[in-house]
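A short write-up of the structure that comes next.
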Number of protein chains: 2
Amino acid sequence: MNAQPADATQDTRHRLLEAAILIFAEKGYDGAGIREIAQRAKANSALVTYHFGGKEGLYREALRFIHQRKHSQVVLLPPPPEPDAPGARPAAIQGLKDYIRAFVADLMSCPADSEVDAAAMALIGREIQMPHPVSAPVLVEFARPYMERVLALLQILCPDLDGDARLRATLSIQGQILHFRNSLEFIRLITGDPDFPKDLEVLTQHFIDFSLRGLGVPEAFPQPRP
Amino acid sequence: MNAQPADATQDTRHRLLEAAILIFAEKGYDGAGIREIAQRAKANSALVTYHFGGKEGLYREALRFIHQRKHSQVVLLPPPPEPDAPGARPAAIQGLKDYIRAFVADLMSCPADSEVDAAAMALIGREIQMPHPVSAPVLVEFARPYMERVLALLQILCPDLDGDARLRATLSIQGQILHFRNSLEFIRLITGDPDFPKDLEVLTQHFIDFSLRGLGVPEAFPQPRP
DNA sequence: CCATATTAATCAATCGTTTGATTGAGTCAA
DNA sequence: TTGACTCAATCAAACGATTGATTAATATGG
């Protein structure tokens, strides 16, 4: 009569993965121990080896788990407009605005929503900075749609730029946002403001303005002084 | 008659600190072991406790060591102009250009120059993302002059912005550059280009253009379409 | 100036703990 | 019974720290 008649095993796997995300995000790969993870998951530490083949396997599967279950706002966006379609340019401007909004939403899922989601993004951020050898394939697959969408939009917005310049611009746009996410703790430390992004909407709008202007999109630039 | 008559002890301390920077930067605090560090420094592992009181003390002193010996290009810059001095605005534009150039130079000290310098900046980047409790004071002291200089320049360049908006802009400028530095490995991974920043000068110029335009500085914006 | 007492620095060896991994017995549904 | 799953107990290895002996450097007294 209990709520888990079958599949208690899948449930244990699931609990281990979520606990792994939390602990790995908090302490890093080396700092986290399988005993602590298992304890958080209310499971026996030997099950890490049984289900995942060891600590490394658990780490790899945890990242895969994040990649699969992530209800990304970005991939739900409509595809970027075709470069030579009529009205492609204003559509691309709106597309970049929508992308930044969705990117921020993906990254800044706050702990109030889901403790695991927040830890998952912290873990991804850490991996971007220093990829664990085991996670490289998952990480690239995870990030590719983000990169390619911005590159496609830039092809319309800045047709004069060559491939390298578009890559630099893409990394600048995503870099400023990722930096916010990855160094939140440090920013709060140096500003002394413990709840720094007081208003996420204002912050999002800043990213949009700064990026569009940074690209040199005239429509986003303030009126020239008279 | 040998070149090191006295002070063999200070030399050991020094070797331990440099080895610590290298190993901590490569493997992180938890991943690095004092045995490995001592071996790299050609010293006995007991000397870590003797000279620094333990692993944590070595870590703290290594970060202090970086902070002290860092021949920062940024702090060598002339002070930012006074807000109400004549010609402050063009001076501030030039000041921001100089700052970005110096900031990139500080961050991207390549391994060819000094293996330890490169590792030191990787370590700082790691600390910005997840500050070790022990390092927070050093880290804040390290970063403050960078933050304050940009904020002072923005006060001249964007007098209309309030304090929060200036902070957001500062973090966007530094964020894109720090992202390049901290996620170089990942960028090379996802682009498939193992020697990504082919030309550091072009990259620096991109940061300057993107930042000045992002701020909405009209002087940096391309001619409005006729 | 030398001999000796004192301190500082380094070493090999070892401490107790914790790590990830393994084992073998046990549980339970099919 | 079988096969998938879980458990407490245990393993060897690595960890950070400590020890006591040893050497190098300095200070002191005659």
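What you see below is based on every heavy atom in this structure, not just the backbone, and it leaves out hydrogens, waters and symmetry mates. Just so we're on the same page: letters track the sequence lines, and every chain starts at 1.
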ask   = Are any of the side-chain nitrogens in A:Arg181 or A:Asp106 under 4.0 Å away from the carboxylate oxygens of its partner?
value = no
message = Between C1' on C:dG20 and OH on A:Tyr59, what's the gap in Å once rounded to a whole number?
response = 17 Å
Sequence-distant partners of A:Tyr29, ring-ring contact (aromatic ring centres under 6.0 Å, His included), two or more places apart = A:Phe24, A:Tyr59, A:His132
inquiry  = If you only use heavy atoms from C-beta on, which nucleotide in C:dT23, D:dA17, D:dA4 is closest to the side chain of A:Tyr50?
reply    = D:dA4
note = In numerical order, the residues of residues 26-44 of chain B whose heavy atoms come under 4.0 Å of DNA chain C are B:Arg35, B:Ala43, B:Asn44
key: Charged N-O contact under 4.0 Å between A:Glu61 and A:Arg64   = yes
request  = State whether A:Thr12 places a side-chain N or O below 4.0 Å from either non-bridging phosphate oxygen (OP1 or OP2) of D:dC5.
outcome  = no
remark   = Taken to the nearest whole Å, CZ/A:Arg15 to P/D:dC5 is 14 Å
message = Nearest to the B:Lys55 side chain among C:dA21, C:dT10, D:dA17, which nucleotide is it?
response = D:dA17
Spacing between B:Phe24 atom CZ and D:dG16 atom C1', to the nearest angstrom = 11 Å
inquiry  = Need to verify one output field. Residue with the more 5' nearest nucleotide on DNA chain D, A:Ser45 or B:Val48?
reply    = A:Ser45
query = Given atom CZ of B:Arg13 and atom C1' of C:dA8, what is their separation to the nearest angstrom?
reply = 14 Å
request  = Answer with yes or no whether the side chains of B:Ser45 and B:Glu36 bring together a donor and an acceptor at under 3.5 Å.
outcome  = no
key: Whole-Å distance separating the CG atom of A:Leu47 from the C1' atom of C:dT23   = 14 Å
message = Is the distance from the ring center of B:Phe207 to that of B:Phe103 below 6.0 Å?
response = no
request  = For B:Leu16 and D:dG16, give me the distance from atom CG to atom P, rounded to whole Å.
outcome  = 14 Å
query = Got a salt bridge between A:Arg40 and A:Glu18, using NZ or NE/NH1/NH2 to carboxylate O under 4.0 Å?
reply = no
inquiry  = Under the criterion salt bridge (charged side-chain N to carboxylate O under 4.0 Å, His left out), I'd like the reasoning laid out for A:Glu201 against A:Arg101: C-alpha separation, chi angles, the key distance, then a yes or no.
reply    = CA-CA 9 Å; A:Glu201 173 55 30; A:Arg101 197 168 292 278; 2.8 Å; yes
key: Phosphate-side-chain proximity, A:His51 and D:dA4, N/O vs OP1/OP2 below 4.0 Å   = no
